[in-house]
Structure formats: structure tokens, C-alpha cells
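Taking it in order: structure first as C-alpha cells, then the write-up.
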Amino acid sequence: MNIDIFCRVIDNYGDIGVCWRLAKELMLSDHSVTIISDHLEVFAKIFHEVNPSKNFQICCFNGKNLKLYRWQDQIENYMPGDMVIEAFACNIPESFIEKFTDKTIWINLEYLSAEDWIEGCHKLPSLQNRGLKKFFFFPGFTSGTGGINFNSNTLKLDKKELRHHVCRQLGLNQTLSDRFWFFIFCYETPNIKTVIECVLKHHPETLLLLPESRSTDYLKNTGFFEELKNEFPHAVCHEYPMVEQSEFDKILGSTDLNLVRGEDSICQAMLYGTPFIWHIYEQDNNAHLEKLEAMLDRFCKFATDETASVIRKAMVKFNEKISSQDILCANFNEFMLEYDKICEAAEKWSDYLYANNNLSTNLLKFYYDLTERKF
């Protein structure tokens, strides 16, 4: 099958990260994939085969070829794939849509959500010009949604082996393998400092993994690393350039705690079964907090009431725009004291998510159900 994915980069690595992960899984299932995207320099950060200066290229991944076009109003001789995925309402140019036929399966891939209402909208058609239909497809956390976006060849690898691999890739001394590892990849907020300090009070020799990101720039620009050296001299802060997505995943899987932003990163953090903090994308009128609470409602079912309360207080307080640092510190102190029980809940949550199948499998099944072809 030929599959086209249209993507516009809004949230830095997040949008293209989701689309690239989905494309990889579809390619590994022996489907031909074309991506049409803007800001190829961002894509190149997470897939080094990409040449940002080219309008068209064929990139090789694990023996499979990806066709990649720079986003433009029209592409000469474009013919739509059997399935066309419009990621995150990116508004496919009309010149492409004019080529769609009633046999084109047009998917409106929505943002991840845990809210109850998405199950009622998942897979619903939306009538377009010329009688075309665009189908809503919602990634989510239940069997009534499209599931979580993950690659089946990166399922729960051994943490000890991952740490040795990460140390080699990032140029770290292997003796650091025995430390508490804390990965930070989020948006700018003073709340990061409070959380780091709280973690270090429990684990003074923590290894802080700091990829090229807005959060790392924020910590550098506010002089926090210098303050840290004085207060916690045995902690190690390791900054490094953004790595390819497959390496990014291995780093997430090697840690003890992940503080991450964005849909793609949080999904992978959850799937590894490690305690996590989700720095959710801020929206007007605190709509993002409703989405966060919806996810916590589902995740916390896998924890005791006491542990669930600790998780919820820490994560919600971290995501509040104006947060009392004293309260946040107290909440994260409880989080670290409850760490072992949070590990148990995270592991159960991960197993549950895997059982719902991945986004690509559910997407392909939907296509075959619509076309009555054999899956």
C-alpha cells in the first residue's frame, strides 16, 4: 500500500516525531511511505539521513526507502496514496486534495488525548467537497481509540544493557551506570529547578541527561548549572546535541525518571514503564490541565489511592503556570519517597498500553475494514 503523511512542524520535534515514528512502523510493515513536511532542518535532527536543503529526496531506513518532499503548495504529477494522513489538522493544500478520489482513504490524525469524548468521535467521517470523506482518528489510551504510537522493535529492552549503550553513545564513563538517571526534556519553567533540587536531595549523585532543548537552554541561561555545582558537587550534568529518534528512545528506556514534553516523548516514556512527569503543552483557559487530569484518571487506576494522590499532586502542580515552589517541593518530596510504588504503577500502565496495540496496527486495520481488503 502507498501511504502519504502530511505534517507541519508546530511544536518543534513533537509533530514530526509522531509522523516519523508512525512512518517507520508502516514501512517496517512493508508499506511505501511518503512524507510531505516543512522545517526539514528539524526532521534532520531526529533522522540524520534527511538533507534539509532538498525539496525531494529518498532516505533509507533499515533497508526501506522513505520518499520525502518539502512542504509546498503543489507537487508536479502528484498522485495520492491509497491512504493519506493529514497530521494534526495541518490543512493539506487544495492542489493535492483535487487529486483525491472516492477510493482515497483520508485520515485526520488528531492529537493524543485521554478524554472520554474522543471514543465517540474516533473513526467518524467528515463530509468534504466532491463527496470525499475525511475520517477522524484519535490516538489514545483505551481500546476504543487508535492506541499509542510506538515501534514494535523497541519494546522494553534490558535497562542495564541500555545504560551501557547510552554511555558509549554519549561519551559517558560506564561507572555512571549505577547512579540515579534523570532525563529532562520539557518547556521553560522555573518549576524544573525545584524538581531537580528535590531529586538531588534524595539522590545527590544523580546523572542529569540534558538533550538540546528549550529546557536545557533555559537552565543554562538562568545560571542554574553553576548554582547546582555549588550545592550538589557530586551530581553530573550531561548536555548533548539532539540525537536520532531511535537513540532518543534508548535514552528514555535507560533512566529512572523522565520529565518530558510533547505527545511523542510522553508516549515512549510511558511505554518504558518508568516513573514520568508530563510537561503538557500549555493552552488557553487551562485546557491543558483538563487533558492532564484525564490522563491521570486513567494512569492512577494502576496505583493505590495513596500513591495516586502523590502522583496527581506532583504532576498537576508542576504544570500550573504560577506554582508555589514550596508546595511543589513538598509534593515532589512525597513523589520521591513514594518512588518504588510509582515504579510499580508505571509498569502496570505500560503493560496496559501495549495490550491496546500500536497506532499503526490500528490504523491499518481501520483501512482494511473500510476497503474490505485482507489485513
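These numbers were taken from a predicted model, which means no experiment stands behind them.
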In plain terms, say whether [X] and [Y] are close enough for a salt bridge, that is, a side-chain N and a carboxylate O under 4.0 Å apart.
X	Y	value
D82	K103	no
K45	E244	no
K291	E115	no
R163	D256	yes
E226	K229	yes
E227	K193	no
R21	D249	yes
K365	D369	yes
R70	D38	no
D116	R298	yes

Enclosure of [X] [atom1] (heavy-atom neighbours >12, cutoff 6.0 Å):
X	atom1	answer
N173	CG	yes
Q174	CD	yes
K99	NZ	yes
Q283	CD	yes

**Item:** Main-chain N/O of Y218 paired to T222 side chain as donor or acceptor, under 3.5 Å
**Value:**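 Confirmed, T222 side chain pairs with Y218 backbone.
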Assert yes or no for the condition that the ring centre distance of [X] to [Y] is strictly below 6.0 Å.
X	Y	value
Y354	F150	yes
H122	F137	yes
W20	F43	yes
F96	F6	yes

At their closest point, which heavy atom of [X] faces which heavy atom of [Y], and how far apart are they?
X	Y	value
F136	E110	CD2-OE2, 3.4 Å
T274	T255	CG2-O, 3.5 Å
L209	W181	CD1-CE3, 3.8 Å
P80	F100	CB-CD1, 3.8 Å

**Asked** Should the ring pair F248 and F183 be called parallel, tilted or perpendicular, given that the plane angle runs from 0 to 90° and is split at 30 and 60?
**Response** perpendicular
**Geometric class of the H279/F318 ring pair [parallel <30°, tilted 30-60°, perpendicular >60°]** =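 Correct class here is perpendicular.
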**Item:** From CA spacing to verdict: side chain to side chain contact (heavy atoms under 4.5 Å, CB included), W349, F276
**Value:** CA-CA 11 Å; W349 174 238; F276 61 88; 4.1 Å; yes
**Asked** Does NZ or CZ of R261 lie under 6.0 Å from the centre of the six-membered ring of F185, at an angle within 45° of the ring axis?
**Response** yes
**Complete:** From the list H203, H202, H234, ring-ring contact (aromatic ring centres under 6.0 Å, His included) partner of F180 resolves to H203
